[in-house]
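A quick write-up on the structure given underneath.
Atoms within each ligand, like the ligands themselves, are counted from 1 in listed order. Residues: numbered from 1 along the sequence shown.
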Amino acid sequence: MTIDWYKEFVNLDYEPAQDDLICLYYFEPAVGIRSKEAVGRIASESSTGTWTTLHTLPPRMKSLEATAFEIEGNVVKIAYPLALWEEGNAVQLLSGIAGNIFGMKAVRNLRLIDVALPPAYLHHFKGPHFGNDGIRKMMKVSKRPLTGAVPKPKIGFSAQEHAEVGYETWMGGFDFVKDDENLTSTPFNRFEDRVKKLSKLRDKAEKETGEKKSAFLNISADTETMKKRADMLAEYGWNYAMIDVVVAGTASVMTMRDYCSDLGLAIHAHRAMHATFDRNKKHGISMQFLAKLMRLIGVSQIHTGTAVGKLTGSKKESLALADVLREKKTPAVEGMLLEQDWGRIKSAFPVSSGGLHPGLVPDVLNIYGTEMVLLVSGGIHGHPKGTRAGAQATMQAIEAWQEGITLEEKAKKAQELNEALEKWGHYKPK
Ligand code: CAP
Ligand code: MG
């Protein structure tokens, strides 16, 4: 009596249908399990299968089975029939292709690397509300990277102190003041207070500079509270909301995407907690997939690393992430990306942040170019002459890069940059 039927889910001659959804996985079979058995189990458990042959199997089931169709070493491609997927439901997609399979005994390690979303699946999603051109128009910033900073220390300021650091940041030339990922509404810095106080100083900074100023105010909480906080942001004339998308969860980001769009709010997606599943290159879910999922749902920008700053992430990964977010079509990258045509889904910005200071600006811009959001936080508040000078130094470093001259060259006529280089030089935080 046969028990296993995994072989049904493997067919190396299978040609994926046009509207199949295709997943790229890294896998390591458990001891005693051959590759084909392992990939059969992955395809089975993430589509229609279970561990044993069944007494009855309606013929329709066959048409819903996933098929592992390409195995190269420890990488497998699995095709999923479109009919498996509820239209427009990214939550269900995750339960299928990123659910039980990570716990199967048949694999020692398993990592979801990327997903190719067919047009027939894509068109049920709205994607980013503004797109990168729309954000640039809204912020009146045309050529250079958009810039922002988090008041540091990352939590502890009163709402008034936070707003004053924000004012200095804006007066130094930055576009955005960002809440940190763990600042929401604390006894010493209530969200409502921060919105009111920051709004006042935003208006002051806009008047004094003639520039558009904005903020990524962190609304992360239960969805009902996030809605109320989004309402308040709109009421006080803000054009962004910030959500810690991993801890908030896919379902709430989907709800908030539409809610914020109706209020004219772009979403800044902080990715705190991503490293629980994307840091281990052998097990979990890649940042490429998280970035793709968030663009699909419709955030306007998401953190994608610096390669040179204080947090993990390679240059190759940052480049791939930037393509996933910005491009209309992304070519396949061996073992890293599947080919993707985004159709009418608008672009989103990569956000580079974490351990940056003026001395590292060229390194980051050499990776991302100008189509990005650059966040320099400790790297401006730690400037010898304070926040405003730190922001000015960062803007001068961006100018130097865009003029094609070295920071040292620029610093001869840019005092704030010179002072930043005297303190940090090109130091790369460990
Ligand atoms: C950076 C930061 C950001 C990290 C997040 C922090 O501050 O505010 O949360 O950049 O990492 O709290 O560390 P600094 P990532 O500029 O002072 O380092 O961007 O990789 O998601
Ligand atoms: Mg932070």
Any heavy atom of Asp180 under 4.0 Å from ligand 1? The part involved is side chain

Out of Ala275, Ala272, Gly305, Ser377, the nearest non-hydrogen contact to atom 16 (O) of ligand 1 is supplied by Ser377

Side chains of Glu65 and Tyr80: do they bring a donor and an acceptor to under 3.5 Å? no

Is there a polar contact between ligand 1 and Gly378, counting only N or O atoms under 3.5 Å apart? yes

*asked:* Is a donor from one side chain sitting under 3.5 angstrom from an acceptor on the other, for Asp258 and Ser261?
replied: no

Among non-hydrogen protein atoms, atom 12 (O) of ligand 1 lies closest to Lys154 NZ, 2.8 Å

min-distance protein heavy atom vs atom 20 (O) of ligand 1 -> Arg271 NH2, 2.8 Å

Just by distance, no angles: are the side chains of His357 and His383 close enough, under 3.5 Å, to form a donor-acceptor pair? no

For this session: Tell me, please: is His381 in heavy-atom contact with ligand 1, that is, under 4.0 Å?
Result: no

Side chain proximity check, His274 to Met287, heavy atoms < 4.5 angstrom | yes

- [ ] Could you tell me whether some N/O pair between Gly355 and ligand 1 is separated by less than 3.5 angstrom?
- [x] yes

Within the 3.5 Å criterion, strictly below it, is a donor on Tyr236 or Glu192 matched to an acceptor on the partner's side chain? no

